[in-house]
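Each remark here refers to the structure printed beneath this line.
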Amino acid sequence: MKINLLVQFLALIDELRGREETTAEFERLIKLYGFDYYGLLQAPKPAEDPPSLLLAGHWPKGWLETYLRKRYMQVDPTMRYLGHAQAGFRWRDTLGAFRLSPHRKRMERMMVDARQNGLEDGYVFPVHGRRGLLGSLSLGGKPIDLESVEVGLFDGIARRLYWKLIHAADPEAGARLSAIVDVELTRREMEALSLLAEGMTSHDIGRVLGISSHTVDWYMNGIQKKLGARNRHHAIAIAFRLGLVS
């Protein structure tokens, strides 16, 4: 059974030596599974483009140039969906989440363009760490139906492959990303964070805690700074992954 290939790779990956041997074995695995293309990427940050984020992979000839020239990264539904996903998902399922998006037409054009370049369908598997989304593994080519257990195993492979290659490419970055996050929040900050996670505004939180909304905003700024969050939504995402709220 194909599923045994995934189990065997997970058992083997720690014994593989270096980037070349690891990627060669992984490429053999996905070829046996029927995928033609893949990309293991670090999570994008402002002003970064896909080539600088690629840890390993290969795409159809000319597709990356087309993707960049047409600025598809701004509207790519798989990348947008990735920001909220906790587990692997299929490319074709992402458009449904953006029915009301003003960029819907460009998203559809991007997906058509991808199919014309040999990327008919595929999957994305997010890689999370203590600091949030760290990267992702994309597999694509001809449409392939994966069972839920296979998606779960590919999720595990994505994580193991990411850490293996990030440590091989940049040991210092690997150590920094995998370091334990030690966050100390005050009792008041924890109360405010828990209420924020329930969807409350500063005004609502202030009313519940008996403080002004300005004081709530002051607490929120402190929380974001301690968590290294870009905004309140990012702070909630990090807090969930750290187990600070549930």
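- Inter-residue side-chain proximity for Val75 and Phe98 is flagged as unmet; no heavy-atom pair is nearer than 4.5 Å.
- Contact check on Glu150 versus Lys2 returns no salt bridge, with no Lys/Arg side-chain nitrogen under 4.0 Å from an Asp/Glu carboxylate oxygen.
- Using a 30° and 60° split on the angle between ring planes, His167 and Trp163 fall in the tilted class, from 30° to 60°.
- Here the side chain of Tyr123 pairs a donor or acceptor atom with the backbone of Leu146 at under 3.5 angstrom.
- Within a 6.0 Å radius of CD in Glu21, other residues, nucleotides and ligands contribute more than 12 heavy atoms.
- Residues Phe89 and Thr78 share a closest heavy-atom pair of CZ-O, 3.5 Å.
- Of the inter-residue distances, the one linking Ile3 atom CD1 with Leu6 atom CG reads 6.5 Å to the nearest 0.5 angstrom.
- Within a 6.0 Å radius of CD in Glu147, no more than 12 heavy atoms belonging to other residues, nucleotides or ligands are found.
- Heavy atoms only, all atoms of each residue included: Gln42 and Leu55 are closest at NE2-CD2, 3.8 Å.
- Side-chain atoms of Asn117 do not come within 3.5 Å of backbone N or O of Leu119 as any donor-acceptor pair.
- Note that CD1 of Ile238 is 5.5 Å distant from CG of Leu227, once rounded to the nearest 0.5 Å.
- When atom types are taken as modelled, the side chain of Arg80 and the backbone of Gln74 share a donor-acceptor pair closer than 3.5 angstrom.
- To the nearest 0.5 Å, atom CE of residue Met107 and atom CZ of residue Arg99 are 12.5 Å apart.
- A salt bridge links Glu108 and Arg104; the closest N-O separation between the charged side-chain nitrogens and carboxylate oxygens is under 4.0 Å.
- Nearest heavy atoms, Met110 versus Trp63: O-CH2, 4.1 Å.
- A donor-acceptor pair shorter than 3.5 Å can be found between the side chains of Arg232 and Ser202.
- A salt bridge is defined here as a Lys NZ or Arg NE, NH1 or NH2 lying under 4.0 Å from an Asp or Glu carboxylate O, and Asp76 with Lys70 fails to meet this definition.
- Considering only heavy atoms from C-beta on, Leu137 stays 4.5 Å or farther from Val127 through its side chain.
- The hydrophobic clustering, which links ILVMFWY residues whose side-chain heavy atoms are closer than 4.5 Å, places Val112 and Tyr72 apart.
- Contact of the Asp121 side chain with the Ile144 side chain is not registered, since no non-hydrogen atoms from C-beta on lie closer than 4.5 Å.
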